[in-house]
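Chain naming here is simple, since letters A, B, ... match the order of the sequence lines and numbering starts at 1 in each. Only heavy atoms go into these numbers, but all of them, side chains included; no hydrogens, no water, no symmetry mates.
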There are 2 protein chains.
Amino acid sequence: MGVMTETYSPAQTVEMSGFSLDTLRYYERIGLIEPVRRAAGGHRRYSDDDLGWLDMLRCLRGTGMPIAQMHTFAELVRDGDDTIADRLALLEEHDANVEAEMTRLIELQRKVRDKIAYYRGALAELPVECVRD
Amino acid sequence: MGVMTETYSPAQTVEMSGFSLDTLRYYERIGLIEPVRRAAGGHRRYSDDDLGWLDMLRCLRGTGMPIAQMHTFAELVRDGDDTIADRLALLEEHDANVEAEMTRLIELQRKVRDKIAYYRGALAELPVECVRD
DNA sequence: GTGGGATCTGGAGCGCGCTCCAGGTCAAGC
DNA sequence: GCTTGACCTGGAGCGCGCTCCAGATCCCAC
């Protein structure tokens with residue numbers, strides 16, 4: 001009795017991965033995902049491995065990695081274990097980019113909040129003529 | 001002797017605002033910036049006020065506000081002082097969005113770093129066969 | 001007054017990342 | 001068997017935010 005590997009329909013995969021059906025097919029088309037196993041009739045059956053990889057893509061995409069770079073990463077994964085150092089380097093660089101982006105965001109958010117504070121002040125100062133009754 | 005208000009050429013404004021020349025003109029075209037004062041020959045002369053507004057746009061745009069919403073904000077500004085509460089509300093909502101975005105980023109960055117840690121481990125475990133000399 | 005760089009205008013084009021569509025096939029319930 | 005809905009493929013379309021281009025004008029230095 002071999003271990004039965006779970007498989008998932010496209011609809012289930014949409015549900016579980018958070019990607020749209022079109023995006024799943026798109027990613028497969030452009031080679032971000034290896035060709036997905038098919039059931040007899042040609043319908044896709046995603047594996048747990050596929051789901052894991054999709055989760056990886058979600059992390060990378062969700063942190064702003066461009067598709068071209070995800071593609072590079074996918075190729076490294078495909079090329080086997082002796083690309084691990086390269087993958088690590090790529091992820092570390094990405095992590096640095098994310099960090100920089102967050103720093104930038106924090107900086108600008110601070111300025112937005114200054115503006116908010118300014119408007120709060122302005123609002124407190126001039127309601128003299130606003131309420132009439 | 002009236003106070004001479006400074007004005008800036010397009011090139012200077014590019015330099016100071018961080019927006020490209022094309023973007024400056026684009027923003028003006030779509031109404032994100034009020035029509036900029038012109039010198040005799042038709043060349044733009046940006047004012048300190050313009051610069052201030054551009055800085056505002058840079059904050060909003062840089063924190064991911066869509067142009068449509070910046071447009072809404074610009075209209076509120078144009079409509080005068082009794083829109084201050086609305087502007088405040090808009091900025092506060094935006095601030096909340098930025099906050100949510102940062103939370104999302106932090107969460108995903110954590111996962112990316114987990115992957116990095118995983119690869120570091122993998123790298124430490126299998127270099128047995130890698131170095132041969 | 002002439003050359004060369006900055007600027008002007010209106011409009012077309014582009015890069016990214018999907019998203020949608022048409023026209024057909026597959027699969028499960030009645 | 002038939003219906004209905006999920007799924008298939010290849011390719012076109014789109015929304016956003018710029019970016020580029022052509023052809024003309026302006027302005028400053030020499």
Side-chain angles (χ1 to χ4, degrees), chain A residues 7-47 50-51 53-54 56-74 94 97 101 104-105 108, chain B residues 7-47 50-51 53-54 56-74 94 97 101 104-105 108:
Chain A
T7 67
Y8 310 97
S9 71
Q12 288 173 309
T13 308
V14 164
E15 174 75 17
M16 298 168 70
S17 71
F19 289 115
S20 77
L21 195 54
D22 272 314
T23 299
L24 288 175
R25 294 198 276 237
Y26 169 65
Y27 280 2
E28 189 176 347
R29 235 191 299 185
I30 66 176
L32 268 190
I33 304 174
E34 303 241 351
V36 174
R37 201 169 298 161
R38 303 304 181 103
H43 290 192
R44 288 176 180 79
R45 293 295 153 207
Y46 293 87
S47 68
D50 290 331
L51 262 285
W53 177 240
L54 285 172
M56 181 62 145
L57 293 184
R58 209 178 48 78
C59 287
L60 300 181
R61 194 74 202 85
T63 47
M65 182 181 286
I67 282 187
Q69 200 173 357
M70 293 202 296
H71 203 270
T72 301
F73 189 77
H94 178 59
N97 291 343
E101 172 65 9
R104 202 187 57 80
L105 265 185
L108 286 181
Chain B
T7 67
Y8 310 96
S9 72
Q12 288 173 309
T13 308
V14 164
E15 175 75 15
M16 297 167 70
S17 71
F19 289 115
S20 77
L21 195 55
D22 272 315
T23 299
L24 288 175
R25 294 198 277 238
Y26 169 65
Y27 280 3
E28 189 176 347
R29 235 190 300 185
I30 66 175
L32 268 190
I33 305 174
E34 303 242 351
V36 174
R37 202 168 295 161
R38 302 303 181 104
H43 290 192
R44 287 175 180 80
R45 293 296 152 208
Y46 292 87
S47 68
D50 291 330
L51 263 285
W53 177 240
L54 285 172
M56 181 61 146
L57 293 184
R58 209 178 47 77
C59 287
L60 299 181
R61 194 72 202 87
T63 47
M65 183 182 285
I67 282 188
Q69 200 172 358
M70 294 202 296
H71 202 269
T72 301
F73 189 78
H94 178 59
N97 291 342
E101 172 64 10
R104 202 188 58 79
L105 265 184
L108 286 181

Strictly below 4.0 Å: does [X] bring a side-chain N or O up to OP1 or OP2 of [N]?
X: A/R25; N: D/dC8; value: yes
X: B/T23; N: D/dT19; value: yes
X: A/S9; N: D/dA6; value: no
X: B/R29; N: C/dG10; value: no
X: B/S20; N: D/dT19; value: yes
X: A/Y27; N: C/dC18; value: yes

Rounded to whole Å, please give me the gap between [atom1] in [X] and [atom2] in [N].
X: B/Q12; N: C/dG5; atom1: CD; atom2: P; answer: 19 Å
X: A/Y26; N: C/dC21; atom1: OH; atom2: P; answer: 19 Å
X: B/L24; N: D/dC18; atom1: CG; atom2: P; answer: 11 Å
X: B/M65; N: D/dC16; atom1: CE; atom2: P; answer: 15 Å
X: B/L54; N: D/dC18; atom1: CG; atom2: P; answer: 13 Å
X: B/L21; N: D/dG17; atom1: CG; atom2: C1'; answer: 16 Å
X: B/E28; N: D/dC18; atom1: CD; atom2: P; answer: 16 Å
X: B/H71; N: D/dC18; atom1: NE2; atom2: C1'; answer: 16 Å

On a heavy-atom basis, the closest approach of A/R44 and A/V36 is CB-CG1, 4.0 Å
Apply side-chain contact (heavy atoms from CB on, under 4.5 Å) to the pair A/T13 and A/L54, showing each step before the final yes or no. CA-CA 9 Å; A/T13 308; A/L54 285 172; 3.7 Å; yes
Does a distance-only test, which skips hydrogens and angles, find a donor-acceptor pair under 3.5 Å between the side chain of B/D22 and the base of D/dC20? yes
Roughly how far, to the nearest 0.5 Å, is [atom2] of [Y] from [atom1] of [X]?
X: A/L32; Y: A/L60; atom1: CG; atom2: CG; answer: 9.5 Å
X: A/M65; Y: B/L108; atom1: CE; atom2: CG; answer: 12.0 Å
X: B/C59; Y: B/M70; atom1: SG; atom2: CE; answer: 11.0 Å

Any ion pair linking B/R104 and B/E101 (charged N to carboxylate O, less than 4.0 Å)? yes
Nucleotide nearest A/P66 when distance is taken to its side chain, options C/dG17, D/dC8, C/dA6: C/dG17
Near DNA chain D, under 4.0 Å by heavy atom, which residues of residues 33-46 of chain A? A/R38, A/G42, A/H43, A/R44
How are the rings of B/W53 and B/F73 set to each other: parallel, tilted or perpendicular (split at 30° and 60°)? parallel
